[in-house]
Amino acid sequence: MENIIPKPVSLEPGNGFFTLATGANINISPGSSELQSLGQYLADRLNPATGFGINIIPAGGALIPGDIYLSIDEGDPALGEEGYELTITPEQVTLRAYQPAGLFRGVQTIRQLLPAAIEGASPAQELWVIPSGNIRDYPRFAWRGAMLDVSRHFFGVIDVKRYIDLLAYYRMNRLHLHLSDDQGWRIMINAWPKLAQHGGSTEVGGGAGGYYTQTEYADLVAYAQSRYITIVPEIDMPSHTNAALASYPELNCNDIAPALYTGIEVGFSSLCVNKEITYRFIEDVVKELAALTPGPYLHIGGDEAHSTNKSDYKRFIERIQPIVAAHGKQMIGWEEIAQADLVPDTIVQHWFNDGAQKAASQGNKVIMSPASKAYLDMKYDDSSPLGLNWAGNINLQDGYTWDPVKILGEAPENAVLGVEAPLWSETLQTVADVEYMAFPRLPGIAEIGWSQVNGRAWDEYKLRLAAHGPRLEAMGVNFYRAPDVLWEK
Ligand code: TNX
């Protein structure tokens, strides 16, 4: 019971065990299509390794011994959107929540309470027991995210779905996709098709790159939604735009398209902020992206605009803000945008300077992604074969032992929406590379976002993490077996 990540708010062990056996059903109430899908999601996690063929049924009157119950009937509003209550007795597993998202988070806890072999892809000989007890749990922060840079190296739909599934396992709820940068434009925009066709045709190192069609992108968004994860699309501007500038000469101040770029320098490109066509372009991109995005957020980058002068930069951000709002989205930007006058609902993402602190003291909400703690692309240590180190090496302990509300200095704590772990992909070419950098640091960030700060300690956490080794192995995750953790076999 003690090895759950993120650590639950409260956990009381009971006596005995529940045994999942052949013939067990998942009972749902109410019998809505949403709960049917949620039940099926759980059955799909349990059936491969158990071979039981568990079915979903609407809950009836009398409780059936050996069954699992998922219910939002008379759910406790105090659990909020994502909280849940899990009661395990030798007779039943009962998961209750106020909202379906809470059930989904609780389902991850059920998975983690079963033997690690439950995550295997084919039937295993195992006694499928869950220790009795009571868990009541809800998140500390509303925003528990990861960012994947699909621009520097492109990752296709299957790869991103796998990442979504791993985020879900650790109860995260946001996936920020960095969809454009100097090296690649990764989403088809029908009004400006060369962005994807030309701007998406390469990546760092000169590989083939790629892009999502709008149908593929919609499929990704729906997949994330089925895991109660909101996709946050980012189109970076005014800098980090070489792929766009290379695709349309008219976006350049001199009307000359530069060549595609496959290196890893930052900050050299800029949209032509004094041309009207730049704003028509942004209007078209925001319009199509907003239409593809059911979530409330749209990220406009805004970082490292080293070749845009300060007053141009400020005017640019102040002109983009109402465009995003006009398409019904809440704007997010990296903390450099705090140089501009921000409307109250613009969200600022901290990474490396004091912009977020300034924004928070002005009343804006902030997302904490401190580069020296939360950047999954930093090396673990000097011997790491992948990653960068401009913000320092980040070992597991460094990545785990920080508090998002202590990063901001004088700014008010309630400004912090939550945490996000960016994974920039300059050095990452494959899913195996992505997993090696994200695991096992990502579960630590997930815990910082979800769990209460009291009771969190590295010495205790690293024991729980050790027990996740066999789980990650069963899922086929290529994780870094950090020497400071006594990984269980
Ligand atoms: C800084 S973080 C960047 C990215 C790089 C990253 C590499 C940020 C807002 N900008 O363009 O990929 O460093 O760690």
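No experiment lies behind these values; they were computed from the predicted model shown. We number each residue from 1, following the sequence as shown. Ligands are counted one by one from 1 in listed order, and the atoms in each one are counted from 1 as well.
- Close approach of ligand 1 to Asp377 (heavy-atom distance below 4.0 Å) involves ligand atoms 7 (C), 14 (O).
- Cation-pi geometry between Arg227 and Tyr41 is not satisfied (NZ or CZ under 6.0 Å from the ring centre, within 45° of the ring normal).
- Taking any N or O of Glu426, backbone or side chain, at least one lies under 3.5 Å from an N or O belonging to ligand 1.
- Looking at Arg152, its side chain never comes within 3.5 Å of a backbone N or O of Trp424 through a donor-acceptor pair.
- The distance criterion of under 3.5 Å between nitrogen or oxygen atoms is not met by Tyr375 with respect to ligand 1.
- The closest non-hydrogen atom to atom 8 (C) of ligand 1, taken over Asp303, Thr427, Ile264, Asp181, comes from Asp303.
- Near Met378, meaning under 4.0 Å from any of its heavy atoms, are these atoms of ligand 1: 14 (O).
- Residue Arg152 has at least one nitrogen or oxygen atom sitting less than 3.5 Å from a nitrogen or oxygen atom of ligand 1, judged on distance alone.
- Remark: ligand 1 and Glu304 share an N or O pair separated by less than 3.5 Å (distance only, no angle test).
- Put simply, the side chain of Asn173 gets close to the backbone of Ala142: a donor and an acceptor are under 3.5 Å apart.
- Ring centroids of Tyr212 and Phe154 are separated by less than 6.0 Å, placing the two rings close together.
- Residue Leu388 approaches ligand 1 through these ligand atoms, each under 4.0 Å from one of its heavy atoms: 7 (C), 14 (O).
- With a 4.0 Å cut-off on non-hydrogen atoms, Trp390 touches ligand 1 through its side chain and not its backbone.
- Of the N or O atoms in Trp424, none lie within a sub-3.5 Å distance of an N or O in ligand 1.
- A salt bridge is defined here as a Lys NZ or Arg NE, NH1 or NH2 lying under 4.0 Å from an Asp or Glu carboxylate O, and Arg464 with Glu460 meets this definition.
- Taking the charged nitrogens against the carboxylate oxygens, Lys7 and Glu447 have no contact shorter than 4.0 Å, which rules out a salt bridge.
- For the ring-ring contact (aromatic ring centres under 6.0 Å, His included) test with His468, the passing option among Phe479, Phe439, Tyr170, Trp487 is Tyr170; the others fail.
- Using modelled atom types, no side-chain atom of Gln183 and backbone atom of His153 make a donor-acceptor pair closer than 3.5 Å.
- Put simply, part of His240 is less than 4.0 Å from ligand 1, judged by heavy atoms.
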